Amino acid sequence: MLKWYSDHQFTPALSIHRAGAHLPAILIRLPSLATALSLALVMTGCQLKLNNALSETGPSVTVSEPSSNHVQADLGEVTYTVTYARASNITLTASDIILSSDGGAGCTKSVSGTGTTTRTVTLTHCTNSGAAVEMKISPGTAADRNGKRSVASPTAKPVLVLAGPPAKVAFSIQPSNTSAGQSINPTLVVQIQDAGGNRVTSSTDSVTVSLLANPGTATLAGTKTVNAVNGEAFFTGLILNRIASGYTIQAASAGLTSATSSSFNVVLGSPTTLSFIENNPNSLVRSRCSTVFTLQTSDSIGNISPIGSSLAVNLSANGSGTALFYPTPLCTGAPVTQVSIPSSGTQAKFYMNYDTALASITLTASGGTSSGLTDATRPVSVANGTNSWTPLAAAPGGLPIRYFTSSVWTGTEMIVWGGNNSGGYLNSGARYNPSTNTWTLMSAVGAPSARAYALMVWTGTEAIVWGGAAGTPFNDGALYNPTTDTWRPMSSTNAPSARRNTPPIWTGTEMIVSAGYGNGSNVSGGGRYNPTTNTWTTMSTVGALSARRNHSAVWTGTEYISWGGYGATYLNDGARYNPTTDSWTAITSVNAPAADANNKAIWTGTDAIFWSGSIFSKYTPGTNSWTTLSSVGAPVARYSLLMAWTGSEMIVYAGTNSSTFVQLADGGRYNPVTDTWSLLPATGAPAARTNFTGVWTGTEMIGWAGYNGSYLNDGGRYSPP
């Protein structure tokens with residue numbers, strides 16, 4: 001019987017009788033062993049000894065060095081040779097390849113080759129440039145003849161993944177919602193990437209950001225062009241100045257595909273500033289009540305921003321005279337030293353009387369240090385009234401003669417724009433400074449197209465120009481900034497239909513437009529435009545003004561009041577609109593004046609006074625009542641006149657006689673406290689005309705242009721006594 005011992009010897013001895021011959025190699029298969037052994041017989045006395053020992057570990061696996069020490073991300077490839085020893089069957093697949101990286105890199109894996117000795121492993125489409133990739137083979141990817149599986153291979157030499165050439169830019173940190181005037185936080189970061197989205201760390205390319213979607217027509221401030229460092233450009237201190245939802249930013253670099261950021265919003269910042277706004281006077285007539293001063297709370301860049309709790313504002317003025325402040329118009333009642341901005345409010349209003357003529361005083365409004373608001377200051381000159389006219393300097397050559405032009409007062413300048421003459425419609429304009437008696441032409445870049453009858457209001461920083469007509473009416477416009485002499489476009493989304501011959505009203509935050517003359521017919525309905533958000537809001541039509549044109553309107557501080565006009569006939573009805581509640585209230589017809597159009601209106605602070613010569617009444621919204629006013633000593637009835645409110649009197653001048661249709665060169669002053677008229681002086685007065693456009697400055701009424709059979713480009717300034 002043949003036995004197998006641990007010393008690899010057979011017992012009993014195996015004898016082979018073959019005289020004179022070499023001993024052959026003999027293959028002995030032992031059924032008790034799992035592996036076939038190839039034995040060489042060696043004569044050692046009477047014993048047969050085995051030369052080879054039985055394998056106990058299965059096939060061995062080795063991996064060559066990579067074909068390259070680096071691979072280009074996405075585009076390049078690297079290969080390894082995997083070698084097996086003692087394998088009779090290789091089962092290596094891509095899932096058996098283990099990749100690891102200290103930088104999160106990854107690659108697409110594949111295996112090729114046949115036989116029982118080698119396989120080729122290929123890595124392609126590697127990602128995350130700058131990271132090293134290591135590779136090894138999992139255990140069990142081959143077997144010997146007896147089914148013994150291979151062990152894991154050692155880890156191969158690592159391969160560094162390198163980015164491809166720059167191909168595009170991408171936002172690695174997107175813009176977030178921010179407050180107007182505040183830096184976008186966290187800092188915006190833009191990467192230079194290859195075609196596969198890998199950051200090109202070697203890139204120092206220049207990257208520029210700009211607004212793409214700009215719903216608020218905002219300005220993007222800050223450093224907008226930055227050189228990349230290690231393939232990344234950091235944009236710190238980017239600021240937008242207007243409130244709106246849905247902004248996007250575009251990032252671009254020369255020769256690379258640009259990127260668009262995710263959408264973000266700009267909201268109101270907290271109030272930081274107390275300032276004087278609107279048509280606040282910068283000059284007063286000595287010992288006469290001023291027009292209204294309006295204080296406004298705003299964020300750091302001028303967007304109107306409400307306060308939290310109510311705030312008492314202290315009023316003062318320097319100079320040798322005495323300043324008296326009143327919370328009510330016409331400077332009635334007891335003077336005060338404080339006015340209040342209500343909780344969640346933005347404004348406080350007051351009136352002023354100063355008893356001494358001075359070249360300049362400084363008016364100061366302070367909420368105190370605890371309010372966190374900077375004080376509001378305004379230089380104001382106080383002059384003696386003269387009851388006289390002063391001609392305007394000749395308009396510059398680039399400002400043609402015209403009428404049906406529009407005008408606003410900024411606090412220091414009169415802005416005039418648009419109109420028409422025998423040569424057609426105009427889109428030119430200029431600014432007139434009465435303190436220097438000089439004109440400055442306005443830029444036409446970005447201005448609305450040529451037109452007459454344009455609606456125009458002053459916001460405190462910009463003039464809004466909208467609507468009007470050049471044969472066909474418009475419903476577009478733009479905003480003009482006199483400080484920068486630039487225009488910016490208005491949104492047309494939800495804007496009212498095209499129209500002219502309607503009075504625009506500025507509320508302190510919005511422009512209100514209602515009714516007017518459209519394309520061949522009168523229209524009703526309207527909208528409110530907010531320049532801070534560059535958005536229109538459609539107004540309720542329930543109880544609204546019927547279709548009409550050439551009606552008049554005033555703003556009371558809380559309501560838009562409009563009356564009269566022309567529909568199918570002349571009208572003697574009207575309505576009040578509250579933008580807070582988006583609701584209309586009819587004006588009583590009891591004691592209302594006769595039907596009329598082309599009348600003018602002013603707001604005294606308590607009453608709306610309507611005048612065209614044929615009608616002369618005041619409407620008091622507090623009592624919803626009409627009062628007929630005295631016409632004794634009043635100028636002749638007229639329409640298309642110039643009207644101004646001084647703070648204590650209504651001034652009217654020029655226009656067309658309602659009966660003879662002749663242009664006029666006279667006017668008068670109406671005092672609502674005494675219900676009396678005084679005629680204006682004729683000496684030095686501008687020539688007769690209709691559609692005399694103009695403003696009240698605080699001490700003077702300025703009028704310019706018009707028509708009297710010829711188109712005009714002259715005018716005058718009237719100083720009441």
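Keep in mind it's a predicted model, so treat the numbers as computed, not measured. Sequence positions, counted from 1, serve as the residue numbers for this chain.
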J.: Test of understanding: with salt bridge (Lys or Arg N to Asp or Glu O under 4.0 Å), list the residues that count as partners of Arg500, not counting sequence neighbours.
T.: none
J.: Cut-off 3.5 Å, side chains only: do Tyr84 and Thr141 have a donor facing an acceptor?
T.: yes
J.: Can you pull out every salt bridge (Lys or Arg N to Asp or Glu O under 4.0 Å) where at least one residue sits in residues 501-517? Sequence neighbours excluded, please.
T.: Glu510-Arg528
J.: Under the salt bridge (Lys or Arg N to Asp or Glu O under 4.0 Å) rule, what pairs show up with a residue in residues 216-241, not counting sequence neighbours?
T.: none
J.: Examine distances only and state if a side-chain atom of Asn475 and a backbone atom of Pro496 form a donor-acceptor pair shorter than 3.5 Å.
T.: yes
J.: Can you sort out the partners of Thr257 under side chain to side chain contact (heavy atoms under 4.5 Å, CB included), two or more places apart, ordered by chain and number?
T.: Lys168
J.: Quick check against the 3.5 Å criterion: does Thr538 have a side-chain atom that pairs as donor or acceptor with the backbone of Gly527?
T.: no
J.: Could you verify whether a donor N or O on one side chain and an acceptor N or O on the other, from Asp96 and Thr93, lie under 3.5 Å apart?
T.: yes
J.: Restricting to side chain to side chain contact (heavy atoms under 4.5 Å, CB included), what partner residues turn up for Asn128, sequence neighbours left out?
T.: Ala105
J.: If you look only at pairs with a residue in residues 114-125, which of them pass as a side-chain hydrogen bond (donor to acceptor under 3.5 Å, both in side chains), with sequence neighbours excluded?
T.: none
J.: Donor-acceptor pair, Arg149 side chain versus Pro139 backbone, under 3.5 Å?
T.: no
J.: Can you pull the salt bridge (Lys or Arg N to Asp or Glu O under 4.0 Å) pairs that have at least one residue in residues 470-479, sequence neighbours excluded?
T.: Arg451-Asp476
J.: Sequence neighbours left out, what passes side chain to side chain contact (heavy atoms under 4.5 Å, CB included) with Thr208? Give chain and number order.
T.: Thr225
J.: Taking only residues two or more places apart in sequence, or in another chain, which ones meet Arg242 in a salt bridge (Lys or Arg N to Asp or Glu O under 4.0 Å)?
T.: Glu462
J.: Which residues pass the ring pair (Phe, Tyr, Trp, His ring centres under 6.0 Å) test with Trp466, sequence neighbours left out?
T.: Trp536
J.: Would you confirm whether Trp487, through its side chain, and Ser443, through its main-chain N or O, come within 3.5 Å as a donor-acceptor pair?
T.: yes
J.: Can you list every pair that meets side-chain hydrogen bond (donor to acceptor under 3.5 Å, both in side chains) and has a residue in residues 62-72, with sequence neighbours left out?
T.: Ser67-Thr79, Asn69-Lys157
J.: Residues two or more places apart in sequence or in another chain: which of them pass side chain to side chain contact (heavy atoms under 4.5 Å, CB included) with Ser261?
T.: Phe171, Gln174, Pro175, Thr248, Ile249, Phe264
J.: Does any part of the side chain of Ser449, heavy atoms only, come nearer than 4.5 Å to the side chain of Asn427, both counted from C-beta?
T.: no
